[in-house]
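Quick notes on the structure that follows.
We use all heavy atoms of the structure for the numbers below, so side chains are in, but hydrogens, waters and symmetry mates are not. Model, not experiment: these values are computed from the prediction.
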Amino acid sequence: MQLIFCLLDRNISEIVKRYTESERKGFHMKKIVALFLSLLAAAGLTACNSTAQLPGSGTSGTAAVGQADQTPQTTGNVLRALKAGTDSGRYGTSYQIDHTILCYIDYASASDTALCAQPSCNHASESCTAYIPKGQILSSLYAVDNQFAAFVVSPNSPDEGGPVLYLADKGGGNRRTLFQASSGQDFWELICVDDQYLYFSLSTTQEEGQTIDLYRVPLAGGEAEAVFPLSDSQILGLSGRNLVCYSYQYAEPENLQEPQIPEGAAQEEIDQMMMEYQEAFVGTHRVFLHSIDDGTEQELESWTSTMGNEGRVQYWQDDRLYWLDSNWNKQQQVIHWTDENRQTGEVALTRPDQALQDIQNNKEGDFRVERLELVLENRAMLTVRGPETRRYAVDLETGSVTEIPLRYQSNGKEIPVAILGQSSDSLLVEIEVQMKDVTYIQDDGTPTMNGAAIGRYALIPFADFFAGKPNYREVTTQYIQTIW
């Protein structure tokens, strides 16, 4: 039977940002949207030819997995981001036509196995610890403090109740329910954990509207409780006992009328009218620390911009907020940073001649910094969108900007290789994705043909990646078809 293997991980800020923006705009996030949100992949693999091992088993996937008999042990009560894996491996899912299998990727072998220690198990029944029945949607799967796995499953029907938060031993056994949402409640994203609690966002719909709150539930079991509202904030990261939050508000000018598009107007004219309309809205942005204990806030940064342009791109990593102006056309670009103690720094960028020439040759072009995506070995990686999309690495000591020319063809379009995750010494990247016809077996046993995006994935050492050398070590995949 054809399997699709998907890696589950996400950037906290990206997930919560998409969720809260959609709610403010009035969209209703349904279960299938939650599925795609939760299939954002970022994880490191290390290739080898040995057999895949379950987490903590010390043997192959068919060996017994040790069962934990206590709540997660931790090393301090700071908030810790939940991740899809540990230093030894990471979690994922395998979607079959009639059920889902919880899986684990062993870094040492770069191969996968089901979260099941039963020999000869076909992972297709309730007796299997890796089994999720048909119709139920898995939307989060995380490692908790190197001992446990936490995941969210939405039932097949509203009659079965709301989504369920499970905690299991890291090898999949001893699954137990921590929380189930009530009628009118929905959730699919887990935020963080400390010594006692697991935190998640919960949406509640009532007659007066919808709210989004941060909830927590004891890891040892017990009643869940609301902590504070999340409706107007997006989570960028964590710092000590604080959430790093971002919020913005736009003020609508008085007596502003929507643009009247003339019949037969050219697209250029329409774009200009819409741009002028959006620029009439001025937004106030702020990044702040929100204490998870007493609700106090500490502002880190604030700025203004017009609608449709946040004015800057930002990224939180290792207790530091990095940001730069999103307008790559500017003559001088600077990366700034600040930490929770308001200690700041900056470095002016020295862009390569080719980047400056591209701007000079396309004076009417709109070159935008699309995202800051990772700080690795004191180099910040950013993606710039213009006539072509390019990735650059910025040395945070010198400001030197170097293009990373590793690119690949995606259905006829050349783009930078996609960074999906990292191990201790390598990045996992997507080096090809093409649409192909794939045969699936239906419930009645008959085959059906559907189009599918088929990807190829590889590991590349940090040094080769920064040097632009395609020294790929391709990942041999048994189940993976597409990493979302």
Side-chain angles (χ1 to χ4, degrees), residues 11 13-14 42 236 246 275 279 285 287 300-301 303-306 308-318 320-339 343-410 413-420 422 427 429-431 460-471:
N11 178 312
S13 63
E14 193 69 20
L236 299 179
Y246 162 69
M275 182 180 69
E279 287 182 346
H285 308 255
V287 177
L300 294 178
E301 286 287 337
W303 70 98
T304 60
S305 75
T306 58
N309 175 22
E310 293 181 0
R312 61 173 67 173
V313 292
Q314 55 195 350
Y315 185 71
W316 180 269
Q317 181 178 318
D318 300 329
R320 181 180 282 184
L321 176 70
Y322 298 88
W323 63 271
L324 78 160
D325 196 298
S326 59
N327 183 5
W328 192 245
N329 296 65
K330 290 183 64 175
Q331 185 174 1
Q332 181 64 60
Q333 271 282 11
V334 178
I335 284 187
H336 309 260
W337 57 84
T338 186
D339 62 21
Q343 298 296 312
T344 62
E346 63 180 41
V347 61
L349 307 192
T350 303
R351 286 173 284 188
D353 292 341
Q354 183 60 56
L356 298 174
Q357 191 64 47
D358 287 344
I359 296 172
Q360 182 66 27
N361 293 340
N362 297 272
K363 292 183 178 180
E364 303 301 322
D366 184 20
F367 290 83
R368 313 296 296 178
V369 182
E370 190 172 63
R371 62 185 299 213
L372 276 167
E373 57 184 325
L374 181 65
V375 177
L376 182 65
E377 296 187 339
N378 207 37
R379 283 174 280 194
M381 280 181 270
L382 54 90
T383 302
V384 176
R385 182 178 295 276
E388 293 183 344
T389 301
R390 299 182 182 276
R391 177 183 285 119
Y392 298 94
V394 180
D395 188 314
L396 294 175
E397 287 289 337
T398 66
S400 176
V401 180
T402 305
E403 182 179 358
I404 301 175
L406 299 173
R407 303 170 71 80
Y408 74 109
Q409 291 286 331
S410 176
K413 184 178 180 181
E414 189 178 74
I415 57 176
V417 296
I419 299 174
L420 302 177
Q422 69 182 82
L427 291 173
V429 295
E430 184 175 61
I431 58 174
I460 181 170
F462 297 155
D464 290 326
F465 180 83
F466 285 123
K469 297 179 180 179
N471 184 24

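The closest side-chain heavy-atom distance from His285 to Glu301 is not below 4.5 Å. Taking the side chain as every heavy atom from C-beta outward, Glu388 and Asp358 never approach each other to under 4.5 Å. Using a 4.5 Å cut-off on side-chain heavy atoms (C-beta onward), Leu396 and Tyr322 make contact. Contact of the Arg312 side chain with the Ser326 side chain is not registered, since no non-hydrogen atoms from C-beta on lie closer than 4.5 Å. At a threshold of 4.5 Å between non-hydrogen side-chain atoms, the residues Leu427 and Leu374 count as touching. Using a 4.5 Å heavy-atom cutoff, the side chains of Val384 and Tyr392 are in contact. Val347 places none of its side-chain heavy atoms less than 4.5 Å from the side chain of Thr398. Residues Leu382 and Trp328 have side chains in contact (heavy-atom distance under 4.5 Å, counting atoms from C-beta outward).
The minimum heavy-atom distance between Asp339 and Leu300, with the atom names listed, is O-CD2, 3.4 Å. Residue Gly311 comes nearest to Ser305 through the heavy atom pair N-CB, 4.0 Å, listed as atom of the first residue, atom of the second, then distance. Heavy-atom minimum distance, Pro405 versus Gly468: CD-CA, 3.7 Å. In terms of heavy atoms, Tyr408 sits closest to Pro416 at CE2-O, 3.4 Å. Contact detail for Phe465 and Ile419: the closest heavy-atom pair is CZ-CD1, 3.8 Å. Summarising the geometry of Ile404 relative to Phe466, their closest heavy-atom pair is CD1-CD2, 4.2 Å, with the distance given to 0.1 Å.
When the side chain to side chain contact (heavy atoms under 4.5 Å, CB included) test is applied to Pro470, the partners found at least two apart in sequence or on another chain are Leu406, Tyr472. Annotation: salt bridge (charged side-chain N to carboxylate O under 4.0 Å, His left out) contacts of Arg320 (sequence neighbours excluded): none. A search for side chain to side chain contact (heavy atoms under 4.5 Å, CB included) contacts involving Thr350 returns nothing, not counting sequence neighbours. Leu356 pairs by the side chain to side chain contact (heavy atoms under 4.5 Å, CB included) definition with Arg351, not counting sequence neighbours. For Asp318, the side chain to side chain contact (heavy atoms under 4.5 Å, CB included) criterion is met by no residue, not counting sequence neighbours.
With rounding to the nearest 0.5 angstrom, the CH2 atom of Trp303 is 8.5 Å from the CH2 atom of Trp323. Rounded to the nearest 0.5 angstrom, Asp353 CG and Gln360 CD are separated by 12.0 Å. Note that NZ of Lys330 is 12.0 Å distant from CD1 of Ile359, once rounded to the nearest 0.5 Å.
Screening Glu403, Glu373, Glu370 against Arg391 for a salt bridge (Lys or Arg N to Asp or Glu O under 4.0 Å) leaves a single residue, Glu373.
Counting only N and O atoms by type, the side chains of Thr383 and Arg371 include no donor and acceptor under 3.5 Å apart.
Counted within 6.0 Å of CG on Asn378, heavy atoms from surrounding residues, nucleotides or ligands total more than 12; the atom is thus considered enclosed. Within a 6.0 Å sphere centred on CD of Glu377, heavy atoms belonging to other residues, nucleotides or ligands number more than 12.
Remark: the backbone N or O of Ala393 is not paired with any side-chain donor or acceptor of Arg379 at under 3.5 angstrom. Remark: side-chain polar atoms of Asn329 are paired, donor with acceptor, to backbone N or O of Phe367 under 3.5 angstrom.
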**Item:** Candidate pair Tyr315 and Leu324, rule side-chain contact (heavy atoms from CB on, under 4.5 Å), full reasoning
**Value:** CA-CA 10 Å; Tyr315 185 71; Leu324 78 160; over 6 Å; no

Could you go through residues 331-338 and list every donor-acceptor pair under 3.5 Å that involves a side-chain atom there, pairing it with any protein atom two or more places apart or in another chain?
unit_1, atom_1, unit_2, atom_2, d
Gln333, NE2, Asp325, O, 3.0
Gln333, NE2, Asn327, O, 2.8
His336, ND1, Glu346, OE1, 3.2

